[in-house]
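Structure record follows, encoded as structure tokens.
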Amino acid sequence: MPYRAPVSDYEFMLRHVVGFDDVAGTDRFAEASEDMVSAILSEAGRLCEEVMAPLQRNGDLHPARLENGVVRTSPGFAEGWKAIADGGWIGISAPQDFGGMGLPVTLLTAVNEMMSGACLSLELAPLMSMGQIEALEHHASDELKRLYLPKLISGEWAGTMNLTEPQAGSDVGALSTKAEPNGDGTYAISGQKIYISWGDNDFTGNVCHLVLARLPDGVPGTKGISLFVVPKYLPDDAGNPGQANTLKVVSLEHKMGLHGSPTCVMQYDGATGWLVGEPHGGMKAMFTMMNNARLGVGGQGVGVAEGAYQHALAYAQERKQGRPAEGSSGSIADHADVRRMLMTMKADVFAARSILLACAVAIDMQNATGQADWAARAALLTPIAKVCGTETGMEVADTGMQVHGGMGFIEETGAAQYYRDVRVTAIYEGTNGIQAMDLVGRKMMDGGEAAAALIEEIQSQAEQARAKLPDLAEAVWQASETLRETTEWLAGQKDMNDRFAGAVPYLHAFGRVLGGHYHLAAALADPGGARECLARYYIRRLLPEHTGLLAQAQIGAEGLFGLSLEELAA
Ligand SMILES: Cc1cc2nc3c(=O)[nH]c(=O)nc-3n(C[C@H](O)[C@H](O)[C@H](O)COP(=O)(O)OP(=O)(O)OC[C@H]3O[C@@H](n4cnc5c(N)ncnc54)[C@H](O)[C@@H]3O)c2cc1C
């Protein structure tokens, strides 16, 4: 089933739903005119449709493998990487001084989403490089920037991120990888990292690892962690890959999906590395990379949801079962329950994509204006975008299999691959549970101010919409009012377990309300049209879920620990 890049959807949403005009109106992004945005999206869409989508099944059927310590990638992936690199897509938002395009993160987000819908396991490779580019841009010395950035941006070299160790997953501060000064400005890195995405490949001249490790005087926990760039080949005097560094891929993980992406166990044996940022300042630098990656992973979920939806719709239109009602096509797409599934998929993809883009717009506005309220908005929306994007990816892929009936469970249709591939997005880059805790914890340290400001905007839009769409406007206003009450309740809880217990339902409810808000904006821009019809479906049928979710969030930790572990096991 060919993938069709949702370019026109993006154009509509940028213009009418998420306020991209604000970004294009800044001096920094003044060149992002409508024409130029259309050209970028169309060109990226072509790459996704013609080059990447045909590789999707290759990755699944011919997984990356380890041969004599070297990763051999799936057929066609080397050519796919080259096409991505040659198009300049790795450096779309990277600094122009080093060969990037310097375009808004909003466009990068759209491009990443489309690439994920076309071929998730290959898209993860440039995503890793993009995160590394951003971390080096903000934290590395000028010398490191001059050496690494042009090669990472051009795709001549690739980047990875190395946080996880067997005993240090969500608890990054528990890591034990060591960094000893060599006395010449470099460091000897020793330890094992697990689950490293694209830890090696056979198509770039070098693979540069960003590694978290502890200096000899580093205190336990996250405060004692430093960041290092550790290349597979040590650059020679001319900056070309020279002697092999003392690091290796020990093995590749056997995974449920995402087979085209090699997930590596890495061993560092006194490997030479260079400090990025301040000693013991590793988490600050890593956060730069992780924030970028969290938005990117949210986009992976939305991209897969789009692909799975297109797949299911095409199947539903062809498959004939049951007696056709008068005037019906005779396909299963005309059965009420199948239509419910298709409408839900489409409405949810729109909602999750809107949240993703709104987060990207806030990041661009923060970068362009330096204003604290945009920074707070971006910080608030990042965990919501990650979770809503990835949960939508999983749910839509799951529903897509259901639309296929038995054929959804049979691998040859490709419907199950979407589900297997996307499942990890809720786990990596900080599990969705950890994201929700971030939302009700760190992101509410302001007493819920950033959340309140966003809810106020939702309410004022709903007020304005009352004249044209009174029923939809009222539903969105009421939902946001319940969200406001729960937000105030949560922000007032001193016992963090009372917040954390309801963090996930609260985040889902926030996502539902935001979805209503953006659907309402789309309906206002398309009165009586398909956008209004979809908004009506979402607001009447899906938005009401917020009530049950927020009720759960307000129970706090009461009863959660009521059963002992023994009783749980009984
Ligand atoms: C395919 C794949 C690719 C990956 N790529 C990379 C990569 O490129 N680089 C990298 O560094 N890592 C990578 N990872 C690792 C990934 O980021 C971790 O798996 C993830 O952070 C979770 O850590 P963990 O697996 O140790 O789970 P754990 O931390 O053991 O978590 C288990 C469960 O406990 C919950 N939990 C843990 N701590 C808390 C807490 N304090 N409060 C509440 N709940 C908690 C979690 O939410 C989860 O539900 C990858 C993983 C996979 C599977």
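Values in this document were obtained by computation on a predicted structure and should not be read as measured data. As the structure lists them, so they are numbered: ligands from 1, and atoms in each ligand from 1.
Note on residues 275-286: pairs passing side chain to side chain donor-acceptor pair (under 3.5 Å), not counting sequence neighbours, are D217-H280. Listed by first and then second residue, the side chain to side chain donor-acceptor pair (under 3.5 Å) pairs involving residues 187-196 are E165-K193, Q192-Q267 (not counting sequence neighbours).
Residues passing the salt bridge (Lys or Arg N to Asp or Glu O under 4.0 Å) test with R499, sequence neighbours excluded: none.
Between H311 and H404, the ring planes lie tilted relative to each other; the angle falls in the 30° to 60° range. Aromatic ring pairs are classed by plane angle as parallel below 30°, tilted from 30° to 60° and perpendicular above 60°; the pair W157 and Y148 is perpendicular.
For the pair R512 and D348, the salt-bridge criterion is met [side-chain N within less than 4.0 Å of a carboxylate O].
Protein residues are said to neighbour a ligand when one of their heavy atoms lies under 4.0 Å from it; for ligand 1 these are M161, N162, L163, T164, G169, S170, Y195, I196, S197, K255, T263, V424, I427, Y428, E429, T431, I434, M437.
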